[in-house]
Amino acid sequence: MVKPVSGFSKLSKEKKISWLISNYCHSEVNISKILKSYWNTDAKLQQLHDEFIENTISNFYLPFAIAPNFLINGELFTIPMAIEESSVVAAASNAAKFWLDRGGFKAEVLSTTKNGQVHFNFFGNKHELLLFFNTIKPKLLFSITSISKNMEKRGGGLLDIVLVDKTKDLENYFQLHCTFETLDAMGANFINSCLEQFAKTLQEEAIHFTPFISSKARLDIVMSILSNYVPECLVRAEVQCSVSDLTTKEFQGKDFAEKFVRAVAIAKAEPRRAVTHNKGIMNGIDAVVLATGNDFRAVEAGVHAYASKDGRYSSLTHAEIVGDQFHYWIEIPLAIGTIGGLTSLHPLVKVALEILQKPNAKEVMQIIAVAGLAQNFAAIKSLVTTGIQKGHMKMHLMNILNQMQASPIEKNKAVEYFKKNIVTHNAAVTFIEDLRK
Ligand code: MEV
């Protein structure tokens with residue numbers, strides 16, 4: 001039986017690994033050797049990674065790839081992507097190439113407001129609470145002067161605070177709903193610091209507010225935190241071309257456009273399809289969010305909430321044919337930063353931002369939205385034509401070959417053979433086994 005451990009975070013890395021192995025690892029596999037094989041030989045670089053989080057015992061690699069040929073608002077971008085799924089970068093590159101010949105992508109940031117709330121209970125007269133809020137609002141605004149000084153210098157800061165009565169949803173529940181402009185910062189630390197200061201000021205002022213004292217009203221802070229739901233921080237990316245321009249060697253433009261629009265309509269109507277449809281979009285979005293050092297969990301949570309904004313989980317992309325024009329677009333909320341957080345720490349994030357020509361947060365929002373749209377385009381294009389497995393298995397072939405520890409010669413032969421034959425797991429295994437006979 002494993003016993004609880006105390007003071008674990010203070011142990012050295014070696015000791016942590018020894019403790020782990022003696023308590024949890026009973027296989028023949030040399031866990032220590034594997035963990036250490038991923039340590040960086042550059043001790044300073046390793047220390048940087050060790051210190052990102054607590055109890056680091058190794059590094060967990062993801063491939064860092066680039067997808068070229070993205071024409072966005074008339075400029076050519078190569079997009080860095082960090083992702084493990086075989087076919088995602090290939091699909092992005094294909095979609096980029098497809099639209100390169102058809103006018104490219106247009107992208108636009110529609111809004112950049114972030115938000116957070118001080119959640120509190122209030123037991124008393126609602127009119128008194130409103131009077132209290134209006135009386136102390138200047139004090140609330142003043143209370144964050146030192147926190148917001150730098151952000152204000154750059155042109156951002158708090159936009160507003162409003163008192164919201166949430167008692168219809170939950171008894172005695174109110175909030176201060178606060179809105180912010182955080183410019184090129186994702187802004188989580190700034191927002192949370194402001195909110196915690198508002199909570200403190202709110203609580204202190206409530207204790208001394210005379211009408212509350214006489215009516216025995218009570219105000220209790222529950223918590224203060226930013227919201228990862230940012231529907232006022234929106235970006236849109238789109239493509240458009242004439243239906244006949246969609247014609248390729250494999251399909252007629254009109255047939256393809258109609259089937260494509262129908263596939264999007266199904267994702268709008270059927271949540272089970274919408275989830276997979278949007279998962280494909282997130283393949284592109286997360287990969288760029290990660291590569292640029294942003295918080296993909298925050299983005300995921302916010303984007304999926306947005307997909308449900310009309311009361312039912314639905315497609316994040318939209319498509320229609322108007323006259324002879326095919327229109328296809330995405331609109332998503334994204335809280336993105338190009339300063340602060342990992343952006344100035346992780347060497348590969350610096351490289352990713354350099355590849356993107358040192359963009360500001362708005363530009364990264366546009367690029368991410370385009371990556372999501374391109375990924376969805378590639379997925380639907382496959383789904384309504386050849387099916388998804390053809391391209392996916394072609395890319396997955398290398399994983400199967402690696403699982404079989406194929407030699408470079410075996411790999412070359414397999415790649416050649418499967419140029420003309422359908423890849424399945426079984427077919428790949430049989431091919432290598434036959435080679436080895
Ligand atoms: C696979 O990672 C993503 C897809 O399933 C997306 C989709 O079905 O639209 C191919």
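Starting from 1, each residue takes its place in the sequence as its number. All ligand and atom numbering here is 1-based and tracks the order in the structure.
Side chains of Q403 and N399: no donor on one and acceptor on the other come within 3.5 Å. Between the side chains of Y173 and D165, no donor N or O sits under 3.5 Å from an acceptor N or O. There is no side-chain donor-acceptor pair under 3.5 Å between T113 and E181. Donor-acceptor pairing under 3.5 Å is lacking for the side chains of K381 and N94. Q117 and H177 share a side-chain donor-acceptor pair at under 3.5 Å.
T276 CG2, 3.5 Å is the protein heavy atom nearest to atom 5 (O) of ligand 1. Looking only at heavy atoms of the protein, atom 10 (C) of ligand 1 is closest to I388 CD1, 3.6 Å. Distance from atom 1 (C) of ligand 1 to its nearest protein heavy atom, with residue and atom name: E85 OE2, 3.5 Å. The single protein non-hydrogen atom nearest to atom 8 (O) of ligand 1 is R273 NH1, 2.8 Å, given as residue, atom name and distance. For atom 3 (C) of ligand 1, the closest non-hydrogen atom of the protein is N283 ND2, 3.6 Å.
Using a 4.0 Å cut-off between a side-chain N of Lys or Arg and a carboxylate O of Asp or Glu, E433 and R436 do not qualify as a salt bridge.
Of all the atoms in ligand 1, the ones that sit under 4.0 Å from a non-hydrogen atom of H277 are 9 (O). Listed by number with element, the atoms of ligand 1 under 4.0 Å from a non-hydrogen atom of K279 are 1 (C), 2 (O).
Within the structure, ligand 1 lacks Q375 among the residues with a heavy atom less than 4.0 angstrom away.
Of all the heavy atoms of L383, the ones lying under 4.0 Å from any atom of ligand 1 belong exclusively to the side chain.
Using a 4.5 Å cut-off on side-chain heavy atoms (C-beta onward), L202 and I221 make contact.
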